[in-house]
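All remarks here apply to the structure that follows.
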Amino acid sequence: MNSITDTPESNYDMLTITEATLIQKNLREQLNLKPLQSPIRTIAGADISLSLYSETVYAGMVILSFPDLQPVAYSLVKSSTTFPYVPGFLAFREIPSLLKVYEQIPVKPDVIMFDGNGIIHKRRMGIASHFGVLTDSVTMGCAKKKLTGQYEDPGENRGEYSLLTDKGETIGYVLRSKNNVKPVFISPGHNMSLDDSLNIAMKCIHKYRLPEPTRKAHEFVNLFRTGELKEGYHEIGSLQLF
DNA sequence: GCGACAG
DNA sequence: ATCTTGTCGC
C-alpha cells in the first residue's frame, strides 16, 4: 500500500528501525489466523546461509511432499543484504532474498515453514507472518530459541508441549520434538490457526530435533554456499509429485 | 539502569 | 548465523 513501507526489494536495506517498526504495525492489520481449509500436499522449508563477515546471502526453499516429507524440488538464489541482524527485525534481513527464491518456484507450496517465528513476536510480525502477508501464502514458524513471551517447560518426552503466552494471549507453543532435547518454538505465520501450526509441526518431526522442512532447507542452502548445489529452480526425481 | 534478545 | 574438536550421555 505505502510505497516506502511495503517494497522490500527496493527499500529494506535503507530502513531505520523506527521505519521497520511502522511497517510491522501496518502488516499486522492484514494478518489472518483462521483455520486452514484446503488439504496440504506440499510443504516448503525456507532458510538462508551466510558466510562470516560477508554480505552475501545464500537463500533457498526446499519443497517436500506431505505428509511423506520427501524433497521434490528446491529453489536457490544468491543475493546480498546490508540490513543487520536485529532481534525482532529478522524479516528485513532475510525476506528480500526469500522473495526471489519464492518467485522462482513455478508451482507454489501449500505451506511454508520458516526458520524463525510467526506471531511469536512483540508485534506479532515475525518473519513467517511478514512473508505470509506480503505474498498471501500459508506460513508458520519454527524457532530454536525464544524471542518473546512466557512459558513453562514442557515435559521431557517427545510430543509434549506447553503454551507460549504474551500479554495474556497465547501466541505459540513450546514443543519437545525429541526426548531430552531443547524444545522448539512453534507459531502460525499467516493464513492458518494456532492449532494448525502445532499439528503441522508435529507431522513434520521425524528423526531429528528440527522438523524436516526446516532441516532440509538448512541443509540445501549450506550445500549451495559451499558450491555443491547451484542457483535456480530444480526438481528432484519426477514421479513423486503427480 | 538492567536484563532479554528468532537468525 | 558462522567458526570448530572433542566429549558426555541416552
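Letters A, B, ... are given to chains in the order of the sequence lines, protein chains preceding strands, and every chain is numbered from 1.
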Could you check whether A:I120 gets within reach of a base, just the sugar-phosphate, or nothing at all, counting any heavy atom under 4.0 Å? nothing

State whether A:K122 places a side-chain N or O below 4.0 Å from either non-bridging phosphate oxygen (OP1 or OP2) of B:dC5. no

Using OP1 and OP2 only, check whether a side-chain N or O of A:R124 sits under 4.0 Å from B:dA6. no

Are A:H130 and A:F92 an aromatic pair by the rule of ring centers under 6.0 Å? yes

Contact class for A:L50 vs. all strands (heavy atom < 4.0 Å): base, sugar-phosphate, or nothing? sugar-phosphate

Give one of base, sugar-phosphate or nothing for A:F89, where a contact means two heavy atoms less than 4.0 Å apart. base

Return the minimal non-hydrogen interatomic distance between A:S187 and A:N117, and the atom names on each side. OG-C, 4.0 Å

Can you find a pair of side-chain heavy atoms, one from A:Y151 and one from A:T165, that are under 4.5 Å apart? no

Using a cut-off of less than 4.0 Å, is there contact between a side-chain N or O of A:N222 and OP1 or OP2 of C:dT2? yes

Presence of salt bridge, A:D47 and A:K216, under 4.0 angstrom: no

Using a cut-off of 4.0 Å on non-hydrogen atoms, how would the nucleic acid contact of A:G88 be classed: base, sugar-phosphate, or nothing? base

Between A:Y53 and C:dT2, is there a side-chain N or O to OP1/OP2 distance below 4.0 Å? no

Mapping A:N180 and A:S49 to their closest nucleotides on DNA chain C, which lands nearer the 5' end? A:S49

Nucleotide nearest A:H121 when distance is taken to its side chain, options C:dT2, B:dG7, B:dA6: B:dA6

Report the nucleotide, chosen from C:dC3, B:dC5, C:dA1, that has the shortest atom-to-atom distance to any side-chain atom of A:H218. C:dA1

